[in-house]
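Chain letters run A, B, ... following the sequence lines, proteins first, then strands; residues in each count from 1. Bear in mind that the values here come from a model prediction, so they are computed numbers and not experimental data.
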Number of protein chains: 2
Amino acid sequence: MTSTESAPASDKPERKGRLSAEDWAQAALDLIAEQGVAAVAVEPLARRLGVTKGSFYWHFPSRDALLQAALERWESFEQEAVFGTLEAIPDPRERLRNLFQLVAHEAKSHVIYSAMLKALDHPAVQPVMERVSQRRLEYLTASFRQAGLGRSDAQHRARLAYAAYVGFLQLQLQLQQSRPPREEFEAYVEHMMATLIPPLPRQETH
Amino acid sequence: MTSTESAPASDKPERKGRLSAEDWAQAALDLIAEQGVAAVAVEPLARRLGVTKGSFYWHFPSRDALLQAALERWESFEQEAVFGTLEAIPDPRERLRNLFQLVAHEAKSHVIYSAMLKALDHPAVQPVMERVSQRRLEYLTASFRQAGLGRSDAQHRARLAYAAYVGFLQLQLQLQQSRPPREEFEAYVEHMMATLIPPLPRQETH
DNA sequence: ACCTGAACACCGTTCAAGT
DNA sequence: ACCTGAACACCGTTCAAGT
């Protein structure tokens with residue numbers, strides 16, 4: 001992120017005369033977060049970076065390749081952000097509750113995901129989305145399994161929970177004006193967890 | 001495809017020399033179903049209809065207006081298609097089961113919906129999606145209420161069920177290659193219904 | 001009432017030439 | 001190694017002129 005070649009120790013982490021592929025990818029990712037996937041256009045990006053659009057094609061063969069690079073950049077970041085936080089929690093039911101709460105309240109980390117959700121049309125988005133979804137599904141399945149569900153039930157519940165997650169984000173996007181008050185929202189999240197997280201497996205009440 | 005201007009009583013209900021706004025809207029809707037929202041472009045559509053793109057602007061002020069007209073056309077169709085079918089079923093739990101089954105198996109009526117889901121980015125898509133979602137949520141809430149849930153629980157369960165529906169379609173779109181076998185899929189739908197549809201309210205076992 | 005044809009703006013892409 | 005500038009294709013939009 002900071003200096004590169006002959007930088008004479010500038011304190012502002014702006015940019016030197018020359019750009020790298022990573023600079024373009026990060027700029028694209030910023031744009032996605034701000035204005036969505038559709039906003040990633042070569043000419044506006046070039047303007048923003050203070051170069052002509054022709055120079056873009058030295059770094060990437062096409063606009064799609066840039067998008068792909070940007071999204072893969074996000075993919076590796078989010079992987080540790082989400083899973084790193086949760087891995088520490090040993091109790092599976094507690095971990096599931098945390099996962100739901102994290103998803104419900106930590107809006108920032110879902111900005112890019114939501115942007116991708118709105119742009120599944122785009123060929124560059126689909127493969128990334130697919131890998132991320134697959135990974136999350138497997139994680140959920142394992143957690144439900146540990147929480148006491150059978151193999152097949154755990155798979156199905158994971159599918160349902162993930163669908164609820166995706167659909168929840170969609171509803172957030174769709175019903176932006178008629179947003180329910182905070183209290184209402186918390187009650188919904190509680191309802192969701194109560195419905196989807198299995199109860200403690202009954203055991204000898206000592 | 002067949003004749004045009006001086007058509008001397010063609011029996012095929014193709015089109016006369018002149019097009020109406022509805023012709024354009026329907027053509028756009030067909031394109032959306034076939035290739036998605038992004039495929040709706042004035043020039044290709046005009047080619048397909050055998051006219052020059054200039055003529056499009058006699059019917060619509062912009063591409064966006066065409067998209068809007070096409071989607072509103074779909075909106076009014078789907079409204080009766082979905083609700084008409086279900087309105088006839090008096091028992092609410094039975095109606096919910098039918099709704100889930102309909103969604104799971106009647107892929108055809110969801111093609112446009114899925115296309116819109118992939119293109120929420122587009123400003124013409126959002127308001128339509130919002131109205132449709134709102135209507136369906138209200139319908140679900142009423143059904144859950146009739147099935148015995150309290151007012152607030154019914155609302156939350158409706159939100160959850162609709163989120164599961166939307167997310168389910170997303171997963172279908174995302175995991176196209178690794179599609180599970182039919183049997184597996186049916187088992188998932190059963191699991192979903194068992195989890196989301198409330199049990200019969202206990203009553204005097206006569 | 002509906003269509004053509006030419007024009008312009010904007011963006012993706014190419015490429016020879018610059019530093 | 002990275003950038004400029006001019007060119008071209010494609011699509012959205014406008015508009016005067018046709019039928």
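- Pair assignment for D:dC3: none, as no Watson-Crick or G-U wobble contacts are both less than 3.5 Å.
- Between B:Leu29 and B:Ala70, the shortest heavy-atom contact is CD1-O, 3.5 Å.
- If you measure from atom CZ of A:Phe56 to atom P of C:dC11, you get 15 Å, rounded to the nearest angstrom.
- Straight-line distance from the CG atom of A:Asp23 to the P atom of D:dA1: 17 Å, rounded to whole Å.
- One N or O on the side chain of A:Arg145 and one on the backbone of A:Leu149 form a donor-acceptor pair closer than 3.5 Å.
- Close to C:dC3, at under 4.0 Å from its OP1 or OP2, lies a side-chain N or O of B:His59.
- Note on B:Ser20: nothing from the nucleic acid sits closer than 4.0 angstrom, heavy atoms only.
- Computed from coordinates, the B:Leu45 CG to C:dC3 P distance equals 13 Å when rounded to whole Å.
- Between the CG atom of B:Asp64 and the P atom of D:dC11 there is a distance of 17 Å, rounded to whole Å.
- Set against D:dC3, C:dC11, D:dT4, the side chain of A:Leu19 has D:dC3 as its closest nucleotide.
- Between A:Arg157 and A:Leu140 the shortest side-chain heavy-atom distance does not fall below 4.5 Å.
- Between the side chain of B:Ser133 and the main chain of B:Glu130, no donor-acceptor pair closer than 3.5 Å is present.
- When both distances must be under 3.5 Å, the Watson-Crick or G-U wobble mate of D:dG12 is C:dC8.
- Of all the heavy atoms in A:Tyr57 and A:Val42, the pair that sits closest is OH-CG2, 4.0 Å.
- In this structure, D:dA17 forms no base pair with any nucleotide, since neither Watson-Crick nor G-U wobble geometry is met with both distances under 3.5 Å.
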Nucleotides 14-19 of chain D: protein proximity per nucleotide (B base, S sugar-phosphate only, - neither; heavy atom, under 4.0 Å) = BB----
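- Taking atom CG of B:Leu49 as the reference point, atom P of C:dT4 lies 11 Å away to the nearest angstrom.
- Between A:His122 atom NE2 and C:dG12 atom C1' the separation is 12 Å, expressed in whole Å.
- Atom pair A:Trp24:CH2 and C:dT13:C1' shows a separation of 13 Å (rounding to whole Å applied).
- In this structure, A:Tyr165 has its ring center under 6.0 Å from that of A:Tyr162.
- In this structure, CG in A:Leu171 is found 10.0 Å from CG in B:Leu160, a value given to the nearest 0.5 Å.
- Nucleotide D:dG5 holds its P atom 14 Å from the CD atom of A:Glu43, rounded to whole Å.
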